[in-house]
Amino acid sequence: MVCLDWRKRVYLALAVAAVGMGVPGAFAQQRTTKSAEGMAVCCAGNGAEKGGGAAAEAKRRFAESAEKIVEGPAGAKAAWGILVVDGETGATLYEKNADRYFVPASNMKLFATALALERLGKGYRFHTTLETRGTLTKQGRLRGDLALVGRGDPNLSGRKFPFAREAEFDGPPERALVDLAEQLKERGVREIDGNIVGDDSYFPRARYPSGWEVDDMVWSYGAAVLALAVNDNTVTMTVQPGERAGEAARIVVEPATGDFTVRNGVVTAGAETKAALRLVREPGARWVELQGTVPARGAARKMTLAVEEPAEQAAEMMRRVLEERGIRVRGAARVRHEAGEEKEEAYVLAEHVSVPLGEAVAAVNKMSENLHTELLLRTAARQAGLWREFSDVAKYAGEFYAQAGIAAGDVMQSDASGLSRKDLVTPRAIVALLRFAARQAWFGAYYDSLPVAGVDGTLGERMKSSPAAGKIHAKTGTVEHVRALSGFAEVGGGKRVIFSFLTNNQGGRNGEAAAALDGLAEAVVEAFGESAVAAR
């Protein structure tokens, strides 16, 4: 196979984007098989070992490449922040606006996942319980309410772990609730006189972080952030065309939800017609309207929608799961958003224990799960004590950033996931964080959670046939007009370069900015790689 050098690949990608074809999206999910445990972290292409001339030449080559990229079609009108350092010594190999603020998009997840691993530990497990303050008779009758109590577990779903080459699911979305129901049945519970209560009081009720937009809240990536999160606080809407043109399409929502009703305005069109769908949901509305057309005999269309009231949805699902297993529930689904001052102490009837955090964090970074990241940060803060609003969480996070050697004021945080347009960070803050992480006992789990170029996660389809394939372990970031890529470059001999590439005010096609970032990553490998230095 003939491999184009990075310049030709970048310019080819930009040319393709310019004629409207774009660059393939990065949606494949895989897992790197190479562990980071025990691997040295230091600069590749340490020309000082082979002569100062080689080191200087490597820096010059990268600087030349970087300037061509940021001054090219994808960069001329955008703002760029770049920092590349020796992973061991921290010596700067290249920098551009490294101390200026940029909206980081999902590069914020690097901060939250590192904080969670440091403060909670990679062996931390979430506990979700069924509790009651009532009494259980010998005949199996529970006199009182049954509460489903959430404590921030992001994986109360059918997601399979350990995370493999792609996101896999083993069982239904309510699998964790089934586990709880089976435990309750084993304890002899046959009837519940009271209500099923979805209890999300572990966190204060603040569903949407500051800086999230109205459009975000409709879709899975903008799901409400509360301590009880079943199936990622989402449902899947499937649109199935009718047999003939003119027939109404069939719409199915799974799992069943009381969060909204569906107004079906979708009509089946001719088999040769392209699907055209438009979804309308007003904030706070208890209905969703779907309009448009789908071709006859065409494939089903699926949309993943966020649930606005997750505790209510969870309680309804729990009630249904219990009844499906023969446990009669006389009451209704209810919610509890604030901890009460009940005199009676609740006791646990069933408990679901999560996978260790060291495993869960892979799904967070490789799949760029917004809700999961928000839950991790809030859980870590909650373990340190009660908090009332996100400013308390941000203050808690700031203490960790100081510990990690990040300069005061280099991180301005409004959420954990980077979906907020109010987040601001400097490239130097990200690099400082990554250098700190590389020295910690939990670094293996952190490093293995990052997408790998050409292999898995959000980088699975990027840099596949380039020198960077398999060598770039980095977090992507994307919101409107923002693209980011920060992480580690393996450059031979067990050595690494640490980098942060942030670009804001991007006005071109998505593929252009992604190709430019890929070009920078490839240039790091080519300029500072061991083979490149040896060749000189």
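Bear in mind that the values here come from a model prediction, so they are computed numbers and not experimental data.
- Checked for salt-bridge contact, E309 and R205 meet the test: a charged N lies under 4.0 Å from a carboxylate O.
- Inspection of the D199 and S201 side chains reveals an N or O donor paired with an N or O acceptor under 3.5 Å.
- Between H473 and Y447, the ring-plane angle classifies as parallel under the 30° and 60° cut-offs.
- Side-chain contact check for E389 versus P204: every heavy-atom pair is 4.5 Å or farther apart.
- Separating the CG atom in N231 from the OG1 atom in T236 is a distance of 6.5 Å, to the nearest 0.5 Å.
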Passes side chain to side chain contact (heavy atoms under 4.5 Å, CB included), Y94 versus K59? Steps please.
-> CA-CA 7 Å; Y94 178 86; K59 292 180 182 180; over 6 Å; no
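- Here the two rings, on F488 and F443, have centers that are under 6.0 Å apart.
- In this structure, R382 forms no cation-pi arrangement with F203, as its terminal cationic atom is not both closer than 6.0 Å to the ring centre and no more than 45° off the ring axis.
- Ionic pairing of D518 and R483 is not present here: no N-O contact between side-chain nitrogen and carboxylate oxygen is shorter than 4.0 angstrom.
- Under 4.0 Å is where a charged nitrogen must lie from a carboxylate oxygen, and between R428 and D410 no such pair does.
- For the atom pair S368 OG and K109 NZ, the distance stands at 3.5 Å (nearest 0.5 Å).
- Between H352 and R175, every side-chain heavy-atom pair lies at or beyond the 4.5 Å cut-off.
- Here the CZ atom belonging to R151 is positioned 8.5 Å from the NE2 atom belonging to H127, to the nearest 0.5 angstrom.
- Defined by atom type and a distance below 3.5 Å, a donor-acceptor pair is present between the side-chain atoms of W212 and D415.
- Side-chain atoms of Q440 and Y446 form no donor-acceptor pair, as typed in the model, at a separation below 3.5 Å.
- Residues D232 and R159 are paired through a salt bridge, judged by an N-O separation under 4.0 Å between the basic side chain and the carboxylate.
- Aromatic ring pairs are classed by plane angle as parallel below 30°, tilted from 30° to 60° and perpendicular above 60°; the pair F499 and F501 is parallel.
- Taken to the nearest 0.5 Å, the CG atom of L290 stands 11.5 Å off from the CZ atom of R301.
- A salt bridge links R378 with E374: at least one charged nitrogen is closer than 4.0 Å to a carboxylate oxygen.
- Side-chain contact between V84 and I82 is present, with heavy atoms from C-beta onward closer than 4.5 Å.
- A perpendicular orientation is assigned to the rings of F400 and F436, their planes being inclined by more than 60° (bins at 30° and 60°).
- Just one of E312, H337, R207 meets the side-chain contact (heavy atoms from CB on, under 4.5 Å) condition when paired with D200; it is H337.
- Using a cutoff of 4.0 Å between basic side-chain nitrogens and carboxylate oxygens, R281 and D259 are scored as salt-bridged.
- Results of the side-chain contact (heavy atoms from CB on, under 4.5 Å) test with L115 over L377, L110, L433 single out L377 as the only residue that passes.
- At a threshold of 4.0 Å, the pair K464-E461 counts as salt-bridged, since one of the basic side-chain nitrogens sits closer than that to a carboxylate oxygen.
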